[in-house]
Amino acid sequence: MTSVVETIAALRAQVQAWRAEGLKVALVPTMGALHDGHVSLMRAALERADRCIVSIFVNPRQFAPTEDLDKYPRQLALDLEKLDHAGVHLAFTPGVDEVYPQGFATAISVGGPSAGLETDFRPAFFDGVATVVGKLFIQAAPDLAVFGEKDYQQLCVVKKLCRDLDLPVEVLGSPTIRDAEGLAMSSRNAYLSAAELDMARQLNKVLRKAATALEDGADEASTMASARQAILAAGFDVVDYVEARESVTLAPWRKDRDGRVLVAARLGKTRLIDNVEVAAR
Ligand code: PAF
């Protein structure tokens, strides 16, 4: 049975008790609305650690005023059932005042991989993510933490956060879980109509085609232009970006380095992101 704690003090007490027993602790940070993608992160955590904590906190600091904070799906009872089923030991479900008490005035800003891509469209996003993830790492003091590769730029930013601030947490990226047609699992897929789901399923196909073209030596600018056209032709309204980047630093892609093609595109009111690997030549 998954235990549930809402306070930092109770979280710390539990982690200290585990540490006293010599147990290895993993953390999976989430905003809830759990799906199979999250469950795969929990499995990865449970394979590598003796105890798994899942935090569920819809972090207001990573939403712009125009974004879907109020609408973001919240389903705690269902989420707790999923944690129980997955064999998670502890759920940390703090309220906003527990994480950001009255007068909270500190932020963490990570450079390097946070430049461009998401930041061009959501300027405060990674400061919000880095601040809450930094706090969670200090609160839970896990040995390792697991993040999905679907949010690839976020994964790179969190790794950089740990490197630059000497946080002793091993950050593990876990492969994206997709449906049978390649659509990446996302809590925001719940917003899509049946017709939009069909269009959304084209996104990964376009990315894979672009990645294969780059691996075969195609020109980067024209490959990205064709990918943008194909995404619009699939029915997306706007392509925020579709770009090839180097896979660790997210610097501009070089043919001799492993890379990623990353995309963000909007379908109606829903914004989807995805990415695929590009092997070095
Ligand atoms: O990926 C998410 O769900 C969130 O950005 C995270 C890492 C839980 C921080 O709020």
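Both ligands and their constituent atoms are indexed starting at 1 by order of listing. Residue numbers start at 1 and run along the sequence shown.
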Modelled atom types, side-chain donor and acceptor of Glu246 and Thr249, under 3.5 Å: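 Present: a donor and an acceptor within the cut-off.
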Is a side-chain donor-acceptor pair under 3.5 Å present for Asp258 with Ser247?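 There is no such pair (donor and acceptor under 3.5 Å, judged by atom type) between the side chains of Ser247 and Asp258.
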Anything under 3.5 Å between a donor and an acceptor, one on a side chain of residues 97-108, the other on a protein residue two or more places apart or in another chain? List them.
from: Glu98; atom 1: OE2; to: Ile8; atom 2: N; distance (Å): 2.8
from: Tyr100; atom 1: OH; to: Asn59; atom 2: OD1; distance (Å): 2.6

So if I count the atoms of ligand 1 from 1 in the order they appear, which ones are less than 4.0 Å from some heavy atom of [X]?
X: Pro29; result: 8 (C)
X: Thr30; result: 8 (C)
X: Val132; result: 9 (C), 10 (O)

Check whether any side-chain heavy atom of Leu214 sits under 4.5 Å from a side-chain heavy atom of Trp253, and report yes or no.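 Yes. Closest side-chain heavy atoms under 4.5 Å.
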Before signing off on this row, confirm whether Gln62 and ligand 1 have an N or O atom pair separated by under 3.5 Å.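 Yes, there is a polar N/O contact under 3.5 Å.
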Gln154 versus ligand 1: do any nitrogen or oxygen atoms come within less than 3.5 Å of each other?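 Looking only at distances, the answer is yes, because the N/O contact criterion of under 3.5 Å is met.
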Minimum-distance protein heavy atom relative to atom 3 (O) of ligand 1: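 I find the closest protein heavy atom is Met31 CG, 3.6 Å.
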Once the angle between the rings of Phe121 and Tyr241 is folded into 0 to 90°, is it parallel (under 30°), tilted (30 to 60°) or perpendicular (over 60°)?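 Answer is tilted, since the angle falls between 30° and 60°.
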